[in-house]
Amino acid sequence: MARPLVMRCGAFGDMVLVTALIQQLHARFGTPVDVITSGGWARPLLTPRQGVGEIYTLRSRRTPYWLDREQQALVRQLRERGAGPTWYCDGGGHGRALLRRAGITDALVCDTRDLPWLPGEHFVERWLRMAALNPPALAASPPAPPPPRAANAVLDISADESAACEEWLVRRRLAGRTLVAFQAGNKRTMRGVLRRRASNTKYWPEERWGAVIRGVREALPGAALLLLGVREEYGLNEDIASAAAVADVHNVADDLPIPVLLPLLGRCHSLVSVDTGPAHVAAVLGCPTVALFGVADPKRFRPGGVSTPVAVLTGSIGGKPDILGIGPQSVLEAWRQLTAPRNQSNG
């Protein structure tokens, strides 16, 4: 029988959280866990992690199978790999059809849709519960239950990533500096022209970011302030830097590969971010993180897990959850409280 397989075709932050499931399955079966996921960032995010095996990527699960060569290639690869116990972690059923085409029968699958949510349950807690389940085919002789562990995601930084980050810092003339990071963009920012459109529920205005940056600059006059993101978010960061109008702000969205981003967040003094992937990474790596939430439920999506160093802020307008209900002073106050010992030592 093939080694364990996890299917989770989510966003960057979703995949950070599912590392808890991967690591628990690795501990149970004593073998690397293969992963089916989506996104060009998946390999650099997951491949260096301990316990992760082969990565299979898939851009679409909804395109008709006979029209999608990528789906057909995945099915061939899975057939060659062989069928084994599989943990299906997506909300829709399109992936299950692909698993069946690959010879992974229902008896080999634990499906997240069959597991009721518990009140107030975080996604990591859910993944740890799933890791303890057994597909019907293993019910007669299940592997040992996984050892108990904290309900947080797991990211180990490799030596190569640390070296890449150090080289990046030297090249950017940031080595040895106190670094405070800001993540204003999210995947919806990159879609369409209008940042303020209703569908971008994580948009927080540039002038508010500028006010927060000015407050951080006042508290830490010697720190380098980093505006994170991907290339498509470079323009957003430029507008935020203009709104802040302070010195030593670095828009690094033009050159921030994932093998640098992860160790960089682990080195940062703190991060202020919307609810998005880098916030999960920073929290898992112990970086104090202030996270601004819009319509998502922070009980389920709190960055990194249940006990990470995070201050979660929510707002409302007209009685409905809305990130625009969060003011800059609330963010600065949360940041000051969360980072007080670090601010004193870096003052």
Side-chain angles (χ1 to χ4, degrees), residues 13 122 152 169 174 176-186 202-229 236-237 239-252 261 263-294 296 298-299 301-317 321-347:
H122 190 282
N152 294 326
L169 290 168
L174 294 170
R177 301 283 306 277
T178 297
L179 308 172
V180 180
F182 302 84
Q183 177 67 49
N186 67 92
K202 299 181 183 182
Y203 170 78
W204 205 55
E206 292 85 341
E207 61 270 17
R208 299 191 193 184
W209 284 106
V212 171
I213 290 171
R214 287 193 296 273
V216 172
R217 163 60 66 232
E218 182 178 353
L220 292 175
L225 310 182
L226 310 184
L227 303 183
L228 310 180
L236 169 64
N237 287 352
D239 292 343
I240 290 171
S242 296
V246 296
D248 211 4
V249 173
H250 305 259
N251 183 359
V252 299
L261 172 65
L264 176 67
L265 287 168
R267 297 184 185 202
C268 280
H269 166 281
S270 52
L271 169 71
V272 181
S273 175
V274 295
D275 163 36
T276 193
H280 290 285
V281 172
V284 173
L285 295 177
C287 174
T289 299
V290 178
L292 284 63
F293 273 72
K299 291 182 180 178
F301 292 99
R302 184 182 185 278
V306 173
S307 59
T308 49
V310 174
V312 170
L313 297 183
T314 60
S316 65
I317 294 179
D322 196 318
I323 196 172
L324 297 178
I326 303 172
Q329 290 307 312
S330 297
V331 176
L332 280 169
E333 182 58 28
W335 177 82
R336 293 188 188 104
Q337 292 183 10
L338 186 65
T339 63
R342 290 191 171 201
N343 291 349
Q344 294 169 5
S345 64
N346 287 280

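Just so it is clear, the values below take in all heavy atoms, side chains as well, and ignore hydrogens, waters and symmetry mates. None of the values given here were measured: they were computed from a predicted structure.
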> Not counting sequence neighbours, which residues clear side-chain contact (heavy atoms from CB on, under 4.5 Å) with Pro309? List them please.
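If we apply the side-chain contact (heavy atoms from CB on, under 4.5 Å) test to Pro309, skipping adjacent residues, there are no hits.
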> With side chains defined as the heavy atoms from C-beta onward, is the minimum distance between Leu338 and Arg336 less than 4.5 Å?
no
> Using side-chain heavy atoms (C-beta onward) and a distance below 4.5 Å, is Ser270 in contact with Val290?
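No, every pair of side-chain atoms sits at 4.5 Å or beyond.
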> Using every non-hydrogen atom in the two residues, find where Tyr203 and Leu324 come nearest and quote the distance to one decimal.
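Heavy atoms of Tyr203 and Leu324 come nearest at O-CD2, 3.6 Å.
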> Could you tell me the separation between the CG atom of Leu220 and the CG atom of Leu179, rounded to the nearest 0.5 Å?
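Result: 11.0 Å between the selected atoms.
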> The criterion is salt bridge (charged side-chain N to carboxylate O under 4.0 Å, His left out); which residues satisfy it with Arg217, sequence neighbours excluded?
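Arg217: no salt bridge (charged side-chain N to carboxylate O under 4.0 Å, His left out) contacts found.
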> If you define the side chain from C-beta out and look only at heavy atoms, does anything of Trp209 sit under 4.5 Å from Val272?
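Of all side-chain heavy-atom pairs linking Val272 with Trp209, at least one is under 4.5 Å.
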> With a 4.5 Å cut-off on side-chain heavy atoms, are Phe182 and Val216 touching?
yes
> At what distance, to the nearest 0.5 angstrom, does CG of Leu228 lie from CG of Asn237?
7.5 Å
> Heavy atoms only: give me the nearest Ala223-Val180 pair and the separation to one decimal.
CB-CG2, 4.3 Å
> Determine the minimum heavy-atom distance between Pro278 and Leu261, stating which atoms define it.
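What the structure gives for the nearest pair is CG-CD2, 4.4 Å.
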> Provide the closest heavy-atom pair for Ser307 versus Asn152 in the form atom of the first, atom of the second, distance.
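Taking Ser307 first and Asn152 second, the nearest heavy atoms are OG-ND2, 2.8 Å.
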> Closer than 3.5 angstrom, by distance alone: can the side chain of Lys202 be matched with the main-chain N or O of Asp275 as a donor-acceptor pair?
yes
> Among Ile213, Val252, Leu236, find the one that has a side-chain contact (heavy atoms from CB on, under 4.5 Å) with Leu227.
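Answer to the side-chain contact (heavy atoms from CB on, under 4.5 Å) test with Leu227 among Ile213, Val252, Leu236: Ile213.
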> Is Arg214 reaching over with its side chain to a backbone N or O of Ala243, donor-acceptor style, under 3.5 angstrom?
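Checked: pair present.
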> Looking only at heavy atoms, what is the nearest atom pair of Ala184 and Ile240, with distance?
CB-CD1, 3.4 Å
> Angle between ring planes, Trp335 versus His269, binned at 30° and 60°: parallel, tilted or perpendicular?
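Aromatic pair Trp335/His269 classed tilted.
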> Please check if any side-chain donor atom of Glu333 sits under 3.5 Å from a side-chain acceptor atom of Gln337, or the reverse.
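The answer is yes; a qualifying pair exists.
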> Is it true that a side-chain atom of Arg177 and a backbone atom of Gly222 form a donor plus acceptor pair closer than 3.5 Å?
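Checked: pair present.
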> Using every non-hydrogen atom in the two residues, find where Phe293 and Pro298 come nearest and quote the distance to one decimal.
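Answer, listing the atom of Phe293 first, then Pro298: CE2-CA, 3.6 Å.
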> Taking the side chain from His250 and the backbone from Ala224, do they hold a donor-acceptor pair closer than 3.5 Å?
no
> Could you tell me whether the side chain of Thr276 and the main chain of Val274 form a donor-acceptor pair under 3.5 Å?
no
> Would you say that Val331 contacts Arg208 through its side chain, given a criterion of any heavy-atom pair below 4.5 Å between the two side chains?
no
> If you round to the nearest 0.5 Å, how far is CG of Asn186 from CG of Leu292?
11.5 Å
> How many angstroms lie between atom CG of Leu285 and atom CG of Leu271, to the nearest 0.5 angstrom?
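One gets 11.0 Å once the value is rounded to the nearest 0.5 Å.
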> Could you give the distance from CG (Leu225) to OG1 (Thr178), rounded to the nearest 0.5 Å?
10.5 Å
